[in-house]
Amino acid sequence: MDSRGRRKQRWCTQTLTPLMEGPDPDPETQDQVHKKETSWELIREWFRLHKGDGTILSNSKRQDLRLLLGVLACPLAPIPLLPRSNIHHNFHIQENSTAHYIVHQYLAATGCLKREKDMKNMYATGSVKMIRCETEISSGKSVKCLGTRTGENGCFVVWQMMPAKWSLELVVGGNKVIAGSDGKTVWRHTPWLGSHAAKGPQRPLRRIIQGLDPKNTASLFTNAQCLGEKRIGDDDCFVLKVAADRASVTERSEGATEVLRHVLYGYFSQKSGLLIYLEDSHLTRVETQENDNIYWETTIGSSIADYRDVDGVLIAHQGRSVATVFRFEEECVQHSRTKMEEFWRIDDVVFNVAGLSLDSFIPPADIHHTSL
């Protein structure tokens, strides 16, 4: 058994809980995971460490990094990929639509129309710098700012077998996050929570669609709604929107946690045809034991730049993502907004890696025995 196989075998000793697309709890509270209906309730631990009176508890820096990794390391897109066999069929049906024109121009601009069948898999390495959190706590008339802007450097590697199998390893500040998909199940492993399986439809890794794989990005926006035009920096852009349907967000809900919406916006330059900005917004409602509703809205906006030719395909080689986690209650004036950033750079991209097999995307064994 190779090192990858031994590593995956060690992961399999963990009991899986649903993947949480947001902040993760501290390991000191990990024993409480199985006592709660949903791990979303443990998000409050991070905000507890940043008191409303301006006091920041001693282990909040450790929590900051874990919050960063929970939000920015491996978020998923809101909707599944359209099967490749259906993309051209849908293009034919919508050939007169504005969205079809924008997506077709994007595929042409990146060179993907010339490489229709010869891209079987992909390997990419990169580096990241994650900036720790700044939090604003507002209580009506006053606003308090907590935290300091300190950064952690890291690196990552991504493997993908077209179109829906992928594997990610990311290390920042001595913490490793591992995630993957075998085409049916998406899972994530962190050292403080173990392995988790995602509920709902199988969805692509956001890190891949922000410039690494133009074909999968185009697939996401095939049935998009065109919202018009907007200027991003010096570029006039067409704005396309896709959203998870009600059935899929309901499937992702659990217990007292209800996913209300997940929307993705793509900004395509009118001049170059390239995707230069990507934003998604994810809103969740959690009902507490006191029958109060707490809302968590996570928004990630990514600037995508430095497109370079890699074997005839333009791949974005750097960018910046800004994420905010906004917490508010229906019956409370006070709300909190936490901001974090990631600067990322792609160091190497290789297509059609020899010897890459389906075994590289096998999830932890226990995932097959867990009810989600």
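Note that the structure is predicted; figures quoted are calculated from it, not measured.
In this view, F268 and I102, Y106, F221, L240, L275 satisfy the side-chain contact (heavy atoms from CB on, under 4.5 Å) rule, not counting sequence neighbours.
From K241, atom NZ reaches atom OG of S281 across 10.0 Å, with rounding to the nearest 0.5 Å. The line from CD1 of I276 to OH of Y307 is 8.5 Å long, rounded to the nearest 0.5 Å. Within the model, atoms CG of L76 and CD of Q202 stand 8.5 Å from one another, a figure rounded to the nearest 0.5 Å. Taking CG of D280 as the start and OG of S302 as the end, the distance is 7.5 Å to the nearest 0.5 Å. Here the CG-CD1 distance, from D348 to I315, works out to 12.0 Å after rounding to the nearest 0.5 Å.
The aromatic rings of Y123 and W159 are tilted relative to each other, their planes meeting at an angle between 30° and 60°.
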Q: Could you walk me through whether R261 and E297 pass the salt bridge (charged side-chain N to carboxylate O under 4.0 Å, His left out) test, one step at a time?
A: CA-CA 10 Å; R261 61 171 169 78; E297 183 175 32; 2.6 Å; yes

Q. Does the side-chain hydrogen bond (donor to acceptor under 3.5 Å, both in side chains) test come out yes or no for N216 and Q160, once each step is laid out?
A. CA-CA 11 Å; N216 275 354; Q160 181 178 250; 3.2 Å; yes

Q.
For a salt bridge (charged side-chain N to carboxylate O under 4.0 Å, His left out) check, start with the C-alpha distance between K165 and D182, then their side-chain angles and the critical distance, and finish with the verdict.
A. CA-CA 5 Å; K165 299 175 179 63; D182 64 352; over 6 Å; no

Q) What's the verdict on side-chain contact (heavy atoms from CB on, under 4.5 Å) for D236 and K271, showing C-alpha distance, side-chain angles and the deciding distance? A) CA-CA 8 Å; D236 292 317; K271 181 178 180 180; over 6 Å; no

Q. Under the salt bridge (charged side-chain N to carboxylate O under 4.0 Å, His left out) criterion, do R327 and E329 qualify, and how do the steps go?
A. CA-CA 7 Å; R327 175 193 184 277; E329 299 180 45; 3.2 Å; yes

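The main-chain N or O of G319 is never found under 3.5 Å from a side-chain atom of S303 such that the two would form a donor-acceptor pair. Between the side chain of T217 and the backbone N or O of G211, no donor-acceptor pair lies under 3.5 Å. Judged by distance alone, the side chain of R231 and the main-chain N or O of D234 form a donor-acceptor pair under 3.5 Å. With hydrogens and angles disregarded, a donor-acceptor distance shorter than 3.5 Å links the side chain of N352 to the backbone of K120. Between the side chain of R66 and the backbone N or O of W192, no donor-acceptor pair lies under 3.5 Å. Using modelled atom types, no side-chain atom of R206 and backbone atom of A73 make a donor-acceptor pair closer than 3.5 Å.
Y265 and L283 are not part of a single hydrophobic cluster, where members link through side-chain heavy atoms under 4.5 Å apart. With hydrophobic clusters built from ILVMFWY side chains whose heavy atoms lie under 4.5 angstrom apart, L72 shares a cluster with L193. Under a hydrophobic clustering in which Ile, Leu, Val, Met, Phe, Trp and Tyr are joined whenever their side-chain heavy atoms come within less than 4.5 Å, directly or via other members, Y277 and I208 fall into different clusters. A continuous path of Ile, Leu, Val, Met, Phe, Trp and Tyr side chains, each step under 4.5 Å between heavy atoms, connects L170 with M340, placing both in one hydrophobic cluster. Residues V322 and F343 do not share a hydrophobic cluster, clusters being chains of Ile/Leu/Val/Met/Phe/Trp/Tyr side chains in contact below 4.5 Å.
You'll find the side chain of L274 reaches within 4.5 Å of the side chain of T110, heavy atoms only. The side-chain heavy atoms of L264 and I79, taken from C-beta on, include no pair separated by under 4.5 Å. Between V186 and W166, some side-chain heavy-atom pair lies under the 4.5 Å cut-off. Side-chain contact between V349 and R308: absent, with no pair of heavy atoms (C-beta onward) separated by less than 4.5 Å. At a threshold of 4.5 Å between non-hydrogen side-chain atoms, the residues E152 and N175 do not count as touching. For the pair L68 and R132, the minimum side-chain heavy-atom distance is below 4.5 Å. Side-chain contact between W187 and P364: present, with at least one pair of heavy atoms (C-beta onward) separated by less than 4.5 Å. Between T190 and L69 the shortest side-chain heavy-atom distance does not fall below 4.5 Å.
Between the side chains of R203 and S248, no donor-acceptor pair is found at a separation under 3.5 Å.
Exactly one residue among H317, R320, Q210 makes a side-chain contact (heavy atoms from CB on, under 4.5 Å) with I304. That residue is Q210.
Salt bridge present: E258 and R246 bring a charged side-chain N and a carboxylate O closer than 4.0 Å.
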